[in-house]
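Below: one structure, written as structure tokens.
Residue numbers start from 1 in every chain, and the chains themselves are labelled A, B, ... in the order their sequence lines are given, proteins ahead of strands. Excluded from the calculations below are hydrogen atoms, water molecules and symmetry mates; all remaining heavy atoms, backbone and side chain alike, are included.
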Number of protein chains: 2
Amino acid sequence: MKDATSIRHAIGVDFGGTFIKMALVSERGEIKARAKIPTKDAPGLDGWLDAVGRGLEQLKDKKAPADAPLAGIGVGVPGFVDFERGFIYDLANVPGWTNVHLAPRIEERFHLHVRVDNDVNVMALGECTYGAGRAYQHAVFVTLGTGVGGGIVINNQLYRGAYSMAGEIGHVPIRMDGVKSPQGRGGLEQYVGNRRLVERVVQALQQGRASLIRELAQGDLSAITVELIAKAAGQGDALALELFDFMADCLAAAFASVAYLIQPQAFIIGGGIAQSGAILFDPLRRHLTERLSPVFAERIVVKPAELGNDAGVIGAATLSMME
Amino acid sequence: MKDATSIRHAIGVDFGGTFIKMALVSERGEIKARAKIPTKDAPGLDGWLDAVGRGLEQLKDKKAPADAPLAGIGVGVPGFVDFERGFIYDLANVPGWTNVHLAPRIEERFHLHVRVDNDVNVMALGECTYGAGRAYQHAVFVTLGTGVGGGIVINNQLYRGAYSMAGEIGHVPIRMDGVKSPQGRGGLEQYVGNRRLVERVVQALQQGRASLIRELAQGDLSAITVELIAKAAGQGDALALELFDFMADCLAAAFASVAYLIQPQAFIIGGGIAQSGAILFDPLRRHLTERLSPVFAERIVVKPAELGNDAGVIGAATLSMME
């Protein structure tokens, strides 16, 4: 008999190119225990299942004896997934993971309820359930990094579209005659992906533009990172501030598309650069207001993510408890 | 006791600037009877209710005695609506309709279940339930005219967003540095709205470009319409074909945003110009394929609407039966 007062727990797995991070997560979104395995120590599907099995044993031990049995295991993976079948088409940065029917393998091995989804989707679910988006029923999560990922939460549930591929905000065109890529033309990611931003700054410096960025990089242009540009912006460097303004305006153009199409209540921004604070969020809110009619602009919130690197494990565990 | 074999019917009202069109519609999407009232003969809210009351009496008479009582009345209106409350903020082309709480007035007058929504939303529901989108669970309806309207159907239901304003595809930016408007910058409608298309052609003609369009307009540039340009394109006129290609490419850019964000199964295109056939749809499909990664492009259908001017009354009646 199920004790109505017992709190459910699930295992969240954040499968990254460098680490497999695991956590025991309560239905209140609290992390009760953690495990972390280098991805290189878990080669192939069998190696992966073995490693996750070891992590699972460690985590199970941390559950109080009075707690209910584990409600499930959720896995976020860096690539294309057919959510309905728990099938991985391909992982971008992990070799050997093409056409892997993961969910049934986990289920037969660990006898747990399993859900597998794209890593950005599970982060979106984590942030929108327990993090910066917890007060909203309709929110869009955007993560800024090498690429730009997105996850859409409608009525507190992930929205996946007709074939599990929705939420690709990084490919939303902001300039129809812009940069060509395999995903089309003028996609957001082609302008605000970390490498593109760094290239833009390097180009300006090579053209002789004076900037604190050059000193911070100690003259080595190949040492410039987005974090370094953010540091320069924080010290009032004009070139760095221009770059953040450009980035904010590109994001605002894509967010205007999102707002006019699906009208969420909030945009939640994750990824390292989202920690830059006012340097990013002030121009982002200003440009978004310029790019929307007032009836839309006044109903939209833009804020930074709150769960940081835990969004993945919390979201993955939550997914397995929700669906 | 309800006869399970009886077919439900509802009244659909398509409230336009020129006519109030009404129809008795079955739950199979068939129009059983019609009524049509000039909008000028129905002044103000009371005049409107009187006119709709007269139409309702005509239509009720056409219902077979064996049929169940009317399931409801649905109204599509040309403007901003709070669907939950059945409240009209403002109608663009009908004076005197600002802040009108329509649904309760209809309910107290006619004692029918009432739903009020934006006209493009009800057309989208009609097309996606009984018209070109009937085979799809997830479809986006776009209507091309003076403006560009949109309606999103997810899981066979209208998707309205957080505050009933979603689906504004006409305002989706396709050029972040493009034409300014009260809705932002570079919105689709600023390029493919009928007047913008005509302006583009007139400009080319004024610059001395040779084109059949000039002859078809008998030299009177103010007589040029989108229909006339379509006629010229049908006869192989280079300028007219260029215009259609430009229009198709702009639509494709906005559709790429829609596809990457919500991944519908189909785009259904309505409005007069959608009757142009291959002149519009061939370049539209080609440009959309160029603007999407193959995994998205191969899963998207683009087709013309099928219900024509009946989409509004059928959709409005359907709305009152569904929600």
Under the side-chain contact (heavy atoms from CB on, under 4.5 Å) criterion, do B:Tyr260 and A:Gln183 qualify, and how do the steps go?
CA-CA 10 Å; B:Tyr260 278 131; A:Gln183 289 80 34; 3.4 Å; yes
[X] (side chain) donor-acceptor with [Y] (main chain) under 3.5 angstrom:
{"X": "B:Arg175", "Y": "A:Asp177", "result": "no"}
{"X": "A:Arg291", "Y": "B:Met176", "result": "yes"}
{"X": "B:Gln263", "Y": "A:Tyr163", "result": "yes"}

Part of A:Ile154 within contact of chain B (heavy atom distance under 4.5 Å)
side chain
With a 4.5 angstrom heavy-atom cut-off, is it the side chain or the backbone of [X] that approaches chain A, or both, or neither?
{"X": "B:Pro173", "value": "both"}
{"X": "B:Tyr136", "value": "neither"}
{"X": "B:Ser164", "value": "backbone"}

Validation row: B:Ile262, A:Tyr159 side chains within 4.5 angstrom (heavy atoms):
yes
Sub-4.5 Å side-chain heavy-atom contact between A:Met165 and B:Val295
yes
May I ask you to list the residues in residues 238-250 of chain B that approach chain A closer than 4.5 angstrom, counting heavy atoms only, ordered by number?
B:Asp249, B:Cys250
Can you confirm whether B:Arg299 is buried at CZ, in the sense that more than 12 heavy atoms of other residues, nucleotides or ligands lie under 6.0 Å from that atom?
yes
